[in-house]
Amino acid sequence: MSREGTPKSSICYRVTEQKEYIIAKLKERGLRITNQRKLIIDCILQNEFGCCKEIYCQVCKIDSSVGIATVYRMINTLEDIGAINRKNMYHVCFEEEPTKVHSCMVQFDDQSKISLNPEEWNRIVKAGLESCGYLHERNVELIEMREYDHTAEAAAI
């Protein structure tokens, strides 16, 4: 298992799905799918970055022939097609794929389950954040699930 209790095979499938979607969008724009472009896409899908230079350094570890201008152009292209958002720290954000609708499944201790559509999930999270005093006249822009690191919380205490 990996993040959020999702099987690793599920994450690998999602990365493959995202890569195929990105490649299809690039082809729609008439761009060739070079090995360098594939490498940059793979690096972004498999890691989290704070800036273009970090992406460039990671790509160069694998293929030193890739220039920084190639990485910057590819980042701009990925942003143009909506694959990444610089506000979200250079990771792929294809949550609005038109053919996919995501849901959240909640299982209760009596083994009953409910499935929440994105609007219901957003309403519940917003109500919870509001009732706990976290919103302060703000709106939720992004919710990202990450592996919980209890050691970081203990160190902060």
Side-chain angles (χ1 to χ4, degrees), residues 1-29 33 37-59 61-62 71 74-157:
M1 292 283 188
S2 62
R3 285 183 226 155
E4 304 99 44
T6 305
K8 286 185 181 180
S9 61
S10 173
I11 290 175
C12 291
Y13 177 75
R14 179 141 171 85
V15 166
T16 302
E17 210 175 53
Q18 288 174 326
K19 183 176 179 180
E20 289 171 1
Y21 186 81
I22 291 168
I23 289 172
K25 286 291 189 185
L26 294 174
K27 285 180 179 178
E28 282 177 17
R29 289 186 164 230
I33 308 305
R37 286 182 175 147
K38 286 181 192 175
L39 175 59
I40 294 166
I41 293 167
D42 287 338
C43 283
I44 293 169
L45 285 170
Q46 295 169 7
N47 301 284
E48 289 190 26
F49 298 102
C51 65
C52 281
K53 190 166 185 172
E54 288 178 11
I55 297 168
Y56 169 71
C57 290
Q58 181 65 34
V59 168
K61 288 178 186 175
I62 300 165
V71 173
M74 186 62 177
I75 296 302
N76 287 334
T77 301
L78 292 173
E79 193 170 34
D80 288 346
I81 65 171
I84 64 169
N85 181 340
R86 291 179 200 233
K87 290 191 302 187
N88 291 335
M89 303 302 286
Y90 298 95
H91 63 266
V92 173
C93 54
F94 269 128
E95 295 305 319
E96 307 92 31
E97 293 179 32
T99 58
K100 306 232 181 211
V101 176
H102 298 278
S103 67
C104 174
M105 190 276 294
V106 178
Q107 181 172 330
F108 298 97
D109 58 359
D110 66 357
Q111 303 308 306
S112 62
K113 298 177 185 178
I114 59 170
S115 183
L116 303 169
N117 67 39
E119 291 80 22
E120 292 169 324
W121 173 243
N122 185 46
R123 184 177 51 79
I124 290 167
V125 169
K126 186 175 179 179
L129 290 169
E130 196 167 42
S131 72
C132 291
Y134 289 111
L135 281 186
H136 306 293
E137 298 180 26
R138 299 178 291 186
N139 288 312
V140 176
E141 182 176 303
L142 172 72
I143 297 173
E144 183 176 324
M145 300 295 286
R146 294 187 176 187
E147 187 173 350
Y148 178 69
D149 183 1
H150 61 85
T151 58
E153 184 177 293
I157 294 176

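Note: L78 CG to R37 CZ = 9.5 Å, rounded to the nearest 0.5 Å. Atoms OH and CD1, on Y21 and I81 in that order, are 8.0 Å from each other to the nearest 0.5 Å. Interatomic distance, K61 NZ to L39 CG, rounded to the nearest 0.5 Å: 12.5 Å. Atom OG1 of T77 is separated from atom CG of L26 by 7.0 Å, given to the nearest 0.5 angstrom. With rounding to the nearest 0.5 Å, the separation of CE in M74 from CD1 in I22 is 7.5 Å.
Partners of I23 under the side chain to side chain contact (heavy atoms under 4.5 Å, CB included) rule, at least two apart in sequence or in another chain, are K19, K27, I33, I41. Every residue meeting the side chain to side chain donor-acceptor pair (under 3.5 Å) condition with Q111, not counting sequence neighbours, appears here in chain and number order: Q107. S112 meets the side chain to side chain donor-acceptor pair (under 3.5 Å) test with D110; sequence neighbours excluded.
C43 and I62 make their closest contact through SG-CD1, 3.8 Å (heavy atoms, listed as atom of the first residue, atom of the second, distance). R29 and D80 get closest at one heavy-atom pair: NH2-O, 3.6 Å. Closest approach of I55 and I40 over heavy atoms only: CG2-CG2, 4.5 Å.
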Anything under 3.5 Å between a donor and an acceptor, one on a side chain of residues 123-134, the other on a protein residue two or more places apart or in another chain? List them.
{"residue": "S131", "atom": "OG", "partner": "A127", "partner atom": "O", "Å": "3.3"}
{"residue": "S131", "atom": "OG", "partner": "G128", "partner atom": "O", "Å": "3.1"}

